[in-house]
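These notes concern the structure reproduced below.
What you see below is based on every heavy atom in this structure, not just the backbone, and it leaves out hydrogens, waters and symmetry mates. Per chain, numbering begins at 1; letters A, B, ... match sequence-line order.
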2 protein chains.
Amino acid sequence: MEKYKNIGLKLTPQRLAVLQYLEGNKSHPSAEDIYRAVKRRFPTISIATIYNILESLKEKGLVQELNIDPYKKRFDPDTTSHHHLICTKCGRIVDIEMDFNPSLPENEGFRVERIHMEFYGVCKDCSSKGK
Amino acid sequence: MEKYKNIGLKLTPQRLAVLQYLEGNKSHPSAEDIYRAVKRRFPTISIATIYNILESLKEKGLVQELNIDPYKKRFDPDTTSHHHLICTKCGRIVDIEMDFNPSLPENEGFRVERIHMEFYGVCKDCSSKGK
DNA sequence: CTGGCTGCAAATCTTTTGCATCCTG
DNA sequence: CAGGATGCAAAAGATTTGCAGCCAG
C-alpha cells in the first residue's frame, strides 16, 4: 500500500493487514475484534502484536482510542473531530456529524483542546423490536 | 442517616460508609479509591462488597458510572445531567455546568435520552507547571 | 546488518462470581 | 427468621510486559 509508505513505521504485513481492516471501518472495533479479523489472514498473529500496532498507529495519529465502552477500548480510524450515538440496548456505536464549537466560558483555567460528545439512546432497530 | 431510609436497600454499615464517602464527592473516585477510603473505617470490607454496593446504588439512581477513564470505571454521586473537563496531563476530572440541549437532527433513527460531553484539555496546574 | 517488530507466555489490573456466613428489617 | 448483604478466594477479561528470534529498510 503506497499510501502508508511515509508514516514513519516499518510496513510489516501484520501492520498492513490492520491498516487495511481499519480503513473506512465505521464499526469501532475492539482490539479483540481486530485480532479475530486479522487472524484469518495471519493465523499466527498475536494479540500482543495487535496492541503494539494499535499503540504505534495511535502515536502516528492514524487511529484514535475510544473510551465509550465500559468493558473494553474501541478503536476508530476516523481521527477527525466527530461524535457518537451509543445504543444503550445493543451497544452499537454510530458516528454523528455535527458542527459544534461552543466557546467554553472560562472553566477552572482549563485550556480545552478537544470535545467529544456522547449521545446515549435507543437505536432504530432496538426501538422497533420493542427491546 | 435518616435520608437514606427509603431508598429500598438494607442500610448496612458498609453501605452507609460508601454513601457518606460519596456524598458531595466531586473527585470521581474509582472502586479502588472508594475501597481504600472505606477500609479505614471497616478494615475487613472486601472490594467485592464495594462493587456490589456500587451496583445497587447505580440501580437506585444514587450514583452514575463514568467511562471517562480508560483504565477503570469512575463513580459520580451527582446523577444530574452535567459534563466533564478532563486534563490529559494529570487525568483530573472536573465537573462543568452548562446548559446544552441541542435538538439532534434525526440521526439514524436514534431516540436520544442522555448527552454527555467530554472536554479534553490541560488544567491550570499542568499549564503553569509547563507539563 | 541492526533496530524495530513479532509471537509467545506470563504477569498485572480491574471486575465478576460462587459460596458459606451474617445481620437488617 | 428469611432473604438480602458481606467477605473471601478464585475466576474471568482486557491489557501489558519480558524476551528471544525475525525481518524491513
Side-chain angles (χ1 to χ4, degrees), chain A residues 1-21 28-60 62-76 91 93, chain B residues 1-21 28-60 62-75 91:
Chain A
M1 290 307 231
E2 293 304 311
K3 73 173 90 166
Y4 296 124
K5 278 201 171 168
N6 298 308
I7 58 176
L9 293 173
K10 283 189 181 177
L11 282 191
T12 64
Q14 293 87 336
R15 248 175 209 167
L16 272 176
V18 170
L19 281 166
Q20 285 166 18
Y21 174 71
H28 311 89
S30 66
E32 184 71 27
D33 294 333
I34 298 167
Y35 175 60
R36 278 199 303 269
V38 173
K39 206 178 171 61
R40 287 200 290 271
R41 284 211 274 151
F42 292 88
T44 66
I45 200 171
S46 152
I47 184 77
T49 298
I50 298 291
Y51 279 104
N52 282 337
I53 291 174
L54 288 170
E55 181 60 29
S56 48
L57 295 184
K58 205 169 56 173
E59 280 166 12
K60 294 296 177 183
L62 295 172
V63 281
Q64 66 171 314
E65 198 179 284
L66 302 179
N67 297 327
I68 290 177
D69 185 330
Y71 302 109
K72 47 190 174 301
K73 292 177 185 167
R74 306 283 205 115
F75 297 87
D76 194 338
I93 298 172
Chain B
M1 291 307 234
E2 293 304 310
K3 72 172 92 168
Y4 296 124
K5 278 202 171 167
N6 298 308
I7 58 176
L9 293 173
K10 282 189 183 176
L11 282 191
T12 65
Q14 293 87 339
R15 250 175 209 168
L16 273 175
V18 170
L19 281 166
Q20 285 166 18
Y21 174 72
H28 311 91
S30 66
E32 184 71 26
D33 295 333
I34 298 167
Y35 175 60
R36 278 199 303 270
V38 173
K39 205 179 171 62
R40 287 201 289 271
R41 284 211 273 151
F42 293 88
T44 66
I45 200 171
S46 152
I47 184 77
T49 298
I50 298 291
Y51 279 103
N52 282 337
I53 290 175
L54 288 169
E55 182 61 28
S56 47
L57 296 183
K58 206 169 54 173
E59 280 167 12
K60 294 295 176 182
L62 294 171
V63 282
Q64 65 170 316
E65 199 180 285
L66 301 178
N67 296 328
I68 290 176
D69 185 330
Y71 301 111
K72 50 191 173 299
K73 292 178 186 167
R74 306 282 205 116
F75 297 87

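The backbone N or O of A/Asn67 lies less than 3.5 Å from no partner atom in the side chain of A/Arg74, so there is not a single donor-acceptor pair. Side-chain atoms of A/His28 do not come within 3.5 Å of backbone N or O of A/Phe75 as any donor-acceptor pair.
Residue A/Ser46 has no polar side-chain atom (N or O) positioned under 4.0 Å from OP1 or OP2 of C/dC8. Checking the phosphate oxygens (OP1, OP2) of C/dG7, a side-chain nitrogen or oxygen of A/Thr49 falls inside 4.0 Å. One finds no side-chain N or O of B/Tyr51 lying less than 4.0 angstrom from the OP1 or OP2 phosphate oxygen of C/dT16. At the phosphate of C/dG7, OP1 or OP2 sits under 4.0 Å from a side-chain N or O atom of A/Thr44. Contact check, B/Lys73 against D/dA14: no side-chain N or O comes under 4.0 Å of OP1 or OP2. In terms of phosphate contacts, A/Gln14 brings no side-chain nitrogen or oxygen within less than 4.0 Å of OP1 or OP2 of D/dC23. One finds no side-chain N or O of B/Thr12 lying less than 4.0 angstrom from the OP1 or OP2 phosphate oxygen of C/dT24.
Donor-acceptor pairing under 3.5 Å is recorded for the side chains of A/Asp33 and A/Ser30. Between the side chains of A/Gln20 and A/Arg15, not a single donor N or O lies within less than 3.5 Å of an accepting N or O.
Note on B/Lys10: a base of the nucleic acid sits closer than 4.0 angstrom, heavy atoms only.
Straight-line distance from the OH atom of A/Tyr71 to the C1' atom of D/dT15: 18 Å, rounded to whole Å. The nearest whole Å value for the distance from the CG atom in A/Leu11 to the P atom in C/dG4 is 16 Å. Atom CD1 in A/Ile7 sits about 13 Å away from atom C1' in D/dA24, given to the nearest Å. B/Glu55 has its CD atom 15 Å from the C1' atom of C/dT14, to the nearest Å. We find that CG of A/Asp33 is positioned 11 Å from P of D/dT15, with the value rounded to whole Å. Taking atom CG on A/Leu57 and atom P on C/dC5, their separation rounds to 11 Å, with Å as the unit. Rounded to an integer number of Å, the gap from CD1 of B/Ile50 to C1' of C/dT17 is 17 Å. Rounded to an integer number of Å, the gap from B/Leu16 CG to C/dC23 P is 15 Å.
When each of A/Ala48 and A/Ser56 is assigned the nucleotide of DNA chain C with its nearest heavy atom, A/Ser56 is the one assigned upstream, toward the 5' end. Looking at which nucleotide of DNA chain D each of A/Pro13 and B/Gly8 is closest to, the 5′-most match is held by B/Gly8. The nearest heavy atom of DNA chain C to A/Asn52 and to A/Pro70 marks one nucleotide each, and the one closer to the 5' end goes with A/Asn52. Mapping A/Phe75 and B/Ile53 onto DNA chain D via the closest heavy atom, the residue that lands nearer the 5' end is B/Ile53.
Taken from CZ in B/Arg41 to CD in B/Gln14, the straight-line distance is 10.5 Å, to the nearest 0.5 Å.
Each of C/dT15, D/dA14, C/dC8 was ranked by its minimum atom distance to the side chain of A/Lys72; first place goes to D/dA14. Of the candidates D/dG7, D/dT15, C/dC5, D/dG7 carries the atom nearest the B/Ile45 side chain, counting heavy atoms from C-beta on.
A salt bridge does not link B/Glu32 with B/Lys72: none of the charged nitrogens is closer than 4.0 Å to a carboxylate oxygen.
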